[in-house]
Each structure stands twice: as structure tokens, then as C-alpha cells.
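Before any comments, here is the structure.
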Amino acid sequence: GVTRLPLERGKKLREVLREKDLLQQFFQQHHYDIGAKFPHAFPNGTG
Amino acid sequence: VATEPLLNALDVEYYGTISIGTPPQDFSVVFDTGSSDLWVPSVSCPSLACQTHQMFDPSQSSTYKSTGLSLSIHYGTGEMEGTVGSDTVTVASLVDTNQLFGLSTAEPGQFFVHVQFDGILGLGYPNLAADGITPVFDNLVNQSLLQENLFSVYLSREAAGSMVIFGGIDESYFTGPINWIPVSYQGYWQISMDRDYFCSTGVTGAGSPPLCSLQHSVNCSSIPAMPDVIFVIDGVQYPVSALAYTEQVSGGSCMSSFQDTSGDLWILGDVFIRVYYSIFDRANNRVGLAKA
């Protein structure tokens, strides 16, 4: 009833893009806000 | 067509292998507590992001069934579009039959081109899943494959050694008591935080403390003298040391790992979970934290 699944820690995408000299270009083309994923975060406006 | 907002913060880095179909086709997936759908690239996807990753071929699986439904998942940095199919999904030794999942037919943008994983397996609540799709975890529970209705996560700093444990808690991964926190929104495993010391008050007491508001370069040699950040959740303090919230990046420089979000929101991601073994208890709608 208990099952383990090993995880691998890979290189961060931030590092991959930095090594390929693509990080700056990526940020210029893609604005992102990691909080934008959570529209229901405070449903009653109570933070 | 169902839409599930999903966004990535560039720092995804822990992934595991699952298989789909008969015979099994293997995929690396991120286990995401902030979404509830499973999707992988399909051979019908001409996008570069698909072509550079493992692609599911339905014609090679004797247990695959198409549904005629479509799926669209929007990301802040791009999106995936695809169809919904059903097949056997194997997660570690668990065999989840007739699991609905997404097969991407388009992955526009650059984001997925560069990531090391192929797809995403959501471990959030069912209300975040696309209409009519039961998440993988719920199906495992419904098929009575798990001892307990929970999963737990241990994250190592090393490349190997991290683990998702389905159906139980492994006491070898933590010390001391487990503190249980009620889930305040059953969707993203949201919990309420009392406050964060240091980030809320700062070291200077004036203005927004820079260390907690953005990723900042820090002097590597000064890290041992930097203070803990203490998160207070349900009356319990959870300190995170400077060694844990900083990292050495290419070139030998060091950075703090905090990142700006909109609103009064913290995402307790890999930095926090490496310090605190985390239990996601669906049976009691609570999160357990213990010193890893």
C-alpha cells in the first residue's frame, strides 16, 4: 500500500537558459509572475 | 474544451519516471501540487518542444482509447494544446488503469523546448482538473491501491535520493514531530501563513527587504553570517537557513532563491521542502511538515 517513486534533480531551466545565453532573451519575450497561477489564492479577499 | 491555468517559475528541477500504455512508454514528469492533470507530448505534435522530448504513440499501445475530447492548458510562458485519451498509467509499482490524460498536439513557445522533463503529473485536488478527468492520485485511491489517502515528498539537495511516497509516510526521512496544518483552499494545497519574520520586517527596518523580494546576488562568503528566514504557520516556526535559501550558480557567484509573487502569497517550493519533509493528506485535508 506504500509506493516510492524516486525523483531526479535536474538542472534548473534558469541555469540551462543562462548557459545557452538565452535567459535575457527569454525574459524579454515572456513576462511571468509565479503568483499568477493561483487565482483562487484568497477567494474572500482575506490574505 | 477545459482550461487549466498553469505557470512555471523556471526553477522546475525534480522529476520522476512514469509509463503509459501497453507495452509501457516511459516519460519524465514533474509532480506538480499546483495542478491536477496529467499530460505528455504525443507523436501528433510537430512543435519543437515535442520533437525534443519523449512522445506518446497511441498506435503502439493496445490499451489506449481515444475520447474525442480536447484539452488546452495555458501557461504564463506558453501553452499546450492536445487531446484526451485513456490508457494504463504506471507510477512506480502502481498500475492505474483507464486513466484519462492529455496528449499534447501543440506546445507553442520556447519554454518546453529547454526543460528536461517531458510532461506534468498534477497532484492537486480534483477541482483543478479539466472537466470530467479524475486525477491520477484520486484514481489510485479509488482503485484501493494505497494504504492511506495521502502522499509525501522528500527532496534532496543531491541529484538522486529525492522521493515521492504514495500512500504513506517514511519516518527515515524526518526527525521530530509532524505539525499538521489545515488546508485553507482545497485546490492548490493552500495553507495560511501567520507571518514571515525577517522578510516582513527586514534587516534594516526600512522599506521592502531586498533579500526576500527578488533573486539577488549575495556574497558567498557572507552566507554563514546571514539570518534565518522564519515562516510561522499555524503558530509554529519554520526556520530556513541562509545555506538553504541561497545557491551557488554557474561562475561561482551566489544568489538568494526568493522570487517576487503577486499579492500576499508565498509558494513554498523546493527551497522549503528540502528543509521540511511534506505530507499531503487528502483524507484529512491537511499538510504535515516535519524537519527533513
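What you see is a predicted model; the values in this text were computed from it and never measured. Just so it is clear: chains get the letters A, B, ... in the order the sequence lines come, proteins before strands, and each one is counted from 1.
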Exercise. Checking heavy atoms, do the side chain of B/Ser192, its backbone, both or neither come under 4.5 Å from chain A?
Worked result: neither
Problem set entry | side-chain contact (heavy atoms from CB on, under 4.5 Å) partners of A/Val16, counting only residues at least two apart | A/Lys11, A/Leu13, A/Lys20, B/His114
Exercise. Is it true that B/Phe112 and B/Trp39 have ring centroids separated by less than 6.0 Å?
Worked result: yes
For this session: Heavy atoms only, distances under 4.5 angstrom: which of B/Gly161, B/Ala160, B/Ser162, B/Ser28 has the most pairs with chain A? Name it, please.
Result: B/Ser162
Problem set entry | Nearest-0.5 Å distance that lies between atom CD1 in B/Ile20 and atom CG in B/Asp96 | 10.0 Å
Problem set entry | Option that, when pairs with chain B are counted at under 4.5 Å, heavy atom only, ranks first among A/Glu8, A/Glu19, A/Arg4, A/Arg9 | A/Arg9
Side-chain donor/acceptor pairs under 3.5 Å, residues 144-156 of chain B, sequence neighbours excluded:
| residue | atom | partner | partner atom | Å |
| --- | --- | --- | --- | --- |
| B/Ser152 | OG | B/Gly168 | O | 2.9 |
| B/Ser152 | OG | B/Tyr277 | OH | 2.7 |
| B/Ser156 | OG | B/Glu158 | N | 2.9 |

